[in-house]
Amino acid sequence: MDPLAVLRDYAARGDLDKIIFSGDEVLFGSEYTFPANAPTAFTNKQSGRPYPLSAAVFLAQHNDLKHTDFIQAARLRRIPPVSLPDRKTFLDFLRHGHHSLPTDPLLPSALPSFAPEPQPAMPEEPEGDKASGAYIRALERTLKDRNALLDARGRDFLAVLQNATRREEERRRNKDSAPSSARHEPSSAAAAAAMAKPKVERSFGDGFVPIILVPSASQTLITIYNVREFLEDGVFVPSDERMRAMKGSGKPECVMVQKKLIRGERAGAGGGATTFEVRDKPASLKADDWARVVAVFVLGKEWQFKDWPFKDHVEIFNKVIGFYVRFEDDSVEAAKVVKQWNVKIISVSARCI
């Protein structure tokens, strides 16, 4: 199957948003998977070199951008940008129609070097389960990786947070209710240590407002500026765009996020909504405030947790739920440190920009 023909078919059906980048591959919904760097019949007029499939897909999905903005966006995603003369040629190809291919250099027969990967020959008489298993594994090909499965489009982020918090609370209650032969009254020093290491013991409601911490650094995707749209509406808006919309009104100290509950036994209580308090200055939190911290968006840097009332990130993520937001087409190296932590990775589409 020619990837350009598949791409034009998706464009004709208006399904370009179903094409996603996953590592070194391009997924066309659940139908096809092609290598992102596969050469295509779409060639550079000046050099004569073929553009990779990633460049063709990126142009199809972002052809509404000005050419200078398009070049910058492609370079940020580490995708070879399409030149201005080649851009018009390819867009004409996409709009030609999806019933038949045009008689131009973009015919599948003109592909310079891309060909389907050769399949291993069927062994005539596999000997035992070991030979059969080796043959099956040789035919396997990964369609989605762990990061693509975490995309969870259309799912409610608040429900994920609440379910994770509820499970953590239940685990702690079960641990506290276990019989112990060595129970004793805590000393004043132990009580002070307990205050320094908060533990969420109250459920949502009854005036309890949980706190979510976000980084104050500009290089993170989720900040105090765009967190409300992300949590309430499930929409990612770049922080700099929200800052421009505020027209110099100043950075807020905290943001109140409210969302109606969709599922769970609390959906009928308190008007069916939960309010979260979002902050980005952990140093300003008091001991009582730390007892309300239920989640944190992480940068992937150890220094983010400096002066936190925990000894290390292991203890932090045993008490607080961690989330790491990344672009779905970012390299695996970008999340290398985070994958060693007990945090949940959330992928957002780069097409949101």
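- Note that CG of L27 is 5.0 Å distant from OG1 of T33, once rounded to the nearest 0.5 Å.
- Between the side chain of D86 and the backbone N or O of S83, no donor-acceptor pair lies under 3.5 Å.
- The two residues L213 and V293 have their closest heavy-atom pair at CD1-CG1, 4.1 Å.
- Residues Y10 and E31 bring a donor and an acceptor atom of their side chains to less than 3.5 Å of each other.
- Of all non-hydrogen atoms in P52 and A36, the two that sit nearest each other are CB-O, 3.8 Å.
- Ring centers of F28 and F34: under 6.0 Å apart, within the cut-off.
- Residue T68 holds its OG1 atom at 8.0 Å from CD of Q72, rounded to the nearest 0.5 Å.
- Contact check for P215 versus Q304: side-chain heavy atoms found under the 4.5 Å cut-off.
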**Request:** I would like to know whether Y51 and N44 meet side-chain contact (heavy atoms from CB on, under 4.5 Å); could you show each step before the answer?
**Result:** CA-CA 7 Å; Y51 284 106; N44 187 305; 3.2 Å; yes
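- Within the model, atoms CZ of F297 and CD1 of I321 stand 10.5 Å from one another, a figure rounded to the nearest 0.5 Å.
- By the 6.0 Å contact criterion, CG on N318 is enclosed, its count of non-hydrogen atoms from other residues, nucleotides or ligands being greater than 12.
- Looking at R279 and E277, a side-chain N of the basic residue comes within less than 4.0 Å of a carboxylate O on the acidic one, giving a salt bridge.
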**Test log, rule side-chain contact (heavy atoms from CB on, under 4.5 Å), inputs M256 and V209** = CA-CA 10 Å; M256 306 305 293; V209 180; 4.1 Å; yes
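- In this view, D240 satisfies the side-chain hydrogen bond (donor to acceptor under 3.5 Å, both in side chains) rule with no residue, not counting sequence neighbours.
- With salt bridges taken as basic N to acidic carboxylate O contacts below 4.0 Å, none links K286 and D288.
- P81 is listed as a side-chain neighbour of R75, based on a closest heavy-atom distance under 4.5 Å.
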**Request:** Give the C-alpha distance, both sets of side-chain angles, the deciding distance and a yes or no for side-chain contact (heavy atoms from CB on, under 4.5 Å) between F276 and L231.
**Result:** CA-CA 10 Å; F276 293 87; L231 296 183; 5.6 Å; no
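- In this structure E229 satisfies the salt bridge (Lys or Arg N to Asp or Glu O under 4.0 Å) test together with R242, sequence neighbours excluded.
- Atoms CD1 and OG, on I20 and S347 in that order, are 9.0 Å from each other to the nearest 0.5 Å.
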**Request:** Could you go through the side-chain contact (heavy atoms from CB on, under 4.5 Å) check for V348 and F327 one step at a time?
**Result:** CA-CA 5 Å; V348 297; F327 284 128; 3.8 Å; yes
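- Shortest non-hydrogen contact noted between L7 and A60 is CD1-CB, 4.1 Å.
- For Y225, there are no ring pair (Phe, Tyr, Trp, His ring centres under 6.0 Å) partners at least two apart in sequence or on another chain.
- The two residues V298 and Y324 come nearest to each other via the heavy atoms O-CD1, 3.4 Å.
- Screening V325, V235, T223, V278 for a side-chain contact (heavy atoms from CB on, under 4.5 Å) with F230, the sole residue that qualifies is V325.
- In plain terms, the two heavy atoms of K339 and I345 that are nearest each other are CG-CD1, 3.9 Å.
- Remark: side-chain polar atoms of E241 are not paired, donor with acceptor, to backbone N or O of V237 under 3.5 angstrom.
- Residues passing the side-chain hydrogen bond (donor to acceptor under 3.5 Å, both in side chains) test with T275 are Q258, sequence neighbours excluded.
- Residue pairs meeting the salt bridge (Lys or Arg N to Asp or Glu O under 4.0 Å) criterion with at least one member in residues 59-68, sequence neighbours excluded, do not occur.
- With sequence neighbours left out, the ring pair (Phe, Tyr, Trp, His ring centres under 6.0 Å) criterion links F305 to W308, F317, W341.
- In this structure, K301 has no salt bridge (Lys or Arg N to Asp or Glu O under 4.0 Å) partners at least two apart in sequence or on a different chain.
- Residues near L76 contribute nothing to a hydrophobic cluster around it, because no ILVMFWY side-chain heavy atom sits closer than 4.5 Å to its side chain.
- Between the side chains of T89 and K45, at least one donor-acceptor pair of N or O atoms lies under 3.5 Å.
- F70 carries R87 over the face of its six-membered ring, with the cationic atom under 6.0 Å from the centre and within 45° of the normal.
- A centroid separation of 6.0 Å or more is found between the aromatic rings of F93 and F42.
- Evaluation of the side-chain hydrogen bond (donor to acceptor under 3.5 Å, both in side chains) rule for Q46 yields no partner, not counting sequence neighbours.
- Considering only residues two or more places apart in sequence or on other chains, E302 meets the salt bridge (Lys or Arg N to Asp or Glu O under 4.0 Å) condition with none of them.
- Separating the CG atom in L65 from the CG atom in L59 is a distance of 10.0 Å, to the nearest 0.5 Å.
- Nearest heavy-atom pair, V26 versus I19, reported as atom, atom and distance to 0.1 Å: CG1-CG2, 3.5 Å.
- Using a 4.5 Å heavy-atom threshold, the side chains of K319 and R172 count as touching.
- Shown here are the salt bridge (Lys or Arg N to Asp or Glu O under 4.0 Å) partners of R49, two or more places apart in sequence or in another chain: there are none.
- For K251, the side-chain hydrogen bond (donor to acceptor under 3.5 Å, both in side chains) partners at least two apart in sequence or on another chain are D280.
- Between D289 and R292, at least one side-chain N (NZ, or NE/NH1/NH2) sits under 4.0 Å from a carboxylate O, which counts as a salt bridge.
- For the atom pair CG (D9) and CG (L94), the distance works out to 11.0 Å, reported to the nearest 0.5 Å.
- Side chains of V82 and F90 form no contact here, defined as non-hydrogen atoms less than 4.5 Å apart.
- For the pair E168 and R171, the salt-bridge criterion is met [side-chain N within less than 4.0 Å of a carboxylate O].
- Hydrophobic clustering (ILVMFWY, side-chain heavy atoms < 4.5 Å, transitive): F310 and L299 are in distinct clusters.
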